[in-house]
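Structure first, then comments.
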Amino acid sequence: MRRVLRISLWCAAVALAVLAATLLTVYCGSQHVPEFYREALAPPASRGQQRAAGDEFERDVLTLRNAAVQTGRWQAEFTDERINAWLAAVLPQNHPRALPAEIRDPRVKLSAEAAQIGCRFRYQGIDTVLSLRADVYLTDQPNQLAVRLRAVRAGWLPVPLSPLLERVSDAARRGDIDLTWSQRDGDPVALVRVPRQSAHYGNRELHLDGLGLDNGKIRLFGHTERRGGR
């Protein structure tokens, strides 16, 4: 009887040790911070410079908007440095409700291979870094942009995608963005339609012709024509 009791206690101790080790591994994994995200969070020389770079990004977007509503060809280039400065200094101040309450400090890193996106995520006692790799490209449908999500992680642990995709869809609806979901080899693909016609364009029609990623940059190309002819 004592021998059975000792064996039972020993098995319980081993089970508890395995459980503790598993929980510790999961916790440590959830606290991992990807290198690209750590680098993107590094503060600039001054807060003022960060704000200035963020304002430059807004001006770049405004310049693109003004060019795109005029007849003719247009192009634009955005750097991840300016995008991150806008995310850090302008978005929280000017658009405090643009992101769900659980998400903060979003950052991006652009390369020729993919875009990497990371953010802090805090929900019901969980505090971790969500990160993913995304392929960004144009589909064969007019003005349709595809974002294929790969390697979605909390720290270095894979996470279920359904809640994340639902939140992205909710944010798109609030922003009046034409977003649908598809799949490619098991990866979710966000399909975003850029309107060809809008009240903002007047009697013109916008065509998105090209998109390219480079190290630290994203480029857009297109043209705008009057309806019914070039």
Side-chain angles (χ1 to χ4, degrees), residues 19-47 49-51 53-54 57 78-136 146-172 174-175 177 179 181 183-184 186-190 192 213-218:
L19 177 61
T22 301
L23 292 175
L24 179 61
T25 300
V26 170
Y27 174 77
C28 292
S30 70
Q31 298 307 297
H32 171 73
V33 179
E35 184 64 26
F36 87 89
Y37 185 71
R38 183 182 294 109
E39 292 176 354
L41 281 178
S46 72
R47 184 71 177 178
Q49 288 180 333
Q50 189 177 56
R51 177 71 197 210
F57 173 71
F78 304 102
T79 67
D80 54 15
E81 180 180 3
R82 286 186 178 178
I83 294 172
N84 285 330
W86 183 83
L87 291 171
V90 181
L91 178 65
Q93 181 174 339
N94 294 1
H95 312 281
R97 298 185 180 180
L99 296 176
E102 301 88 352
I103 292 177
R104 58 187 175 87
D105 297 333
R107 297 292 188 274
V108 302
K109 180 178 177 60
L110 304 175
S111 70
E113 293 77 27
Q116 291 176 276
I117 305 170
C119 67
R120 278 283 176 190
F121 180 80
R122 182 178 294 172
Y123 181 70
Q124 293 185 349
I126 299 172
D127 191 353
T128 186
V129 173
L130 293 180
S131 64
L132 61 87
R133 291 175 59 87
D135 297 337
V136 185
V147 182
R148 180 180 179 182
L149 307 183
R150 299 173 178 263
V152 182
R153 299 283 187 267
W156 52 257
L157 301 175
V159 298
L161 287 179
S162 295
L164 176 62
L165 302 189
E166 290 174 4
R167 290 187 174 276
V168 172
S169 296
D170 288 342
R174 291 196 303 270
I177 297 172
L179 169 69
W181 290 100
Q183 282 197 351
R184 183 171 180 179
D187 295 327
V189 180
V192 181
L213 290 178
D214 202 348
N215 291 330
K217 301 175 182 178
I218 183 170

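FYI, the numbering just counts along the sequence from 1.
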Which pair of heavy atoms, one from [X] and one from [Y], lies closest together, and at what distance?
X: Ala134; Y: Val147; value: CB-CG1, 3.8 Å
X: Ala88; Y: Arg47; value: O-NH2, 3.5 Å
X: Arg51; Y: Ala89; value: NH1-O, 3.3 Å
X: Ala112; Y: Asn215; value: N-OD1, 3.4 Å
X: Leu179; Y: Ser169; value: CD2-CA, 4.1 Å
X: Tyr37; Y: Arg120; value: OH-N, 3.4 Å

Could you state the interatomic distance from [atom1] ([X]) to [atom2] ([Y]), rounded to the nearest 0.5 Å?
X: Leu87; Y: Asp80; atom1: CG; atom2: CG; value: 10.5 Å
X: Asp187; Y: Arg148; atom1: CG; atom2: CZ; value: 4.5 Å
X: Lys109; Y: Ile83; atom1: NZ; atom2: CD1; value: 12.5 Å
X: Arg153; Y: Leu132; atom1: CZ; atom2: CG; value: 10.5 Å

Are [X] and [Y] packed together at the side-chain level, in the sense that at least one heavy-atom pair is separated by less than 4.5 angstrom?
X: Lys217; Y: Leu110; result: no
X: Val108; Y: Asn84; result: yes
X: Leu149; Y: Leu165; result: yes

Inset, instruction - Apply side chain to side chain contact (heavy atoms under 4.5 Å, CB included) to Gln183 and list each qualifying residue two or more places apart in sequence or on a separate chain. - result: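 Side chain to side chain contact (heavy atoms under 4.5 Å, CB included) check on Gln183 returns nothing, list empty.
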Inset, instruction - Go through the structure and list residues passing ring pair (Phe, Tyr, Trp, His ring centres under 6.0 Å) with Phe57, not counting sequence neighbours. - result: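 So Phe57 forms a ring pair (Phe, Tyr, Trp, His ring centres under 6.0 Å) with Phe78, Trp86.
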Legend entry - Modelled atom types, side-chain donor and acceptor of Glu113 and Ser111, under 3.5 Å: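 The answer is yes; a qualifying pair exists.
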Which pairs would a plain distance check flag for residues 100-107, meaning a side-chain donor or acceptor within less than 3.5 Å of a matching protein atom at least two apart in sequence or in another chain?
| from | atom 1 | to | atom 2 | distance (Å) |
| --- | --- | --- | --- | --- |
| Glu102 | OE1 | Arg167 | NH1 | 3.4 |
| Glu102 | OE2 | Arg167 | NH2 | 3.2 |

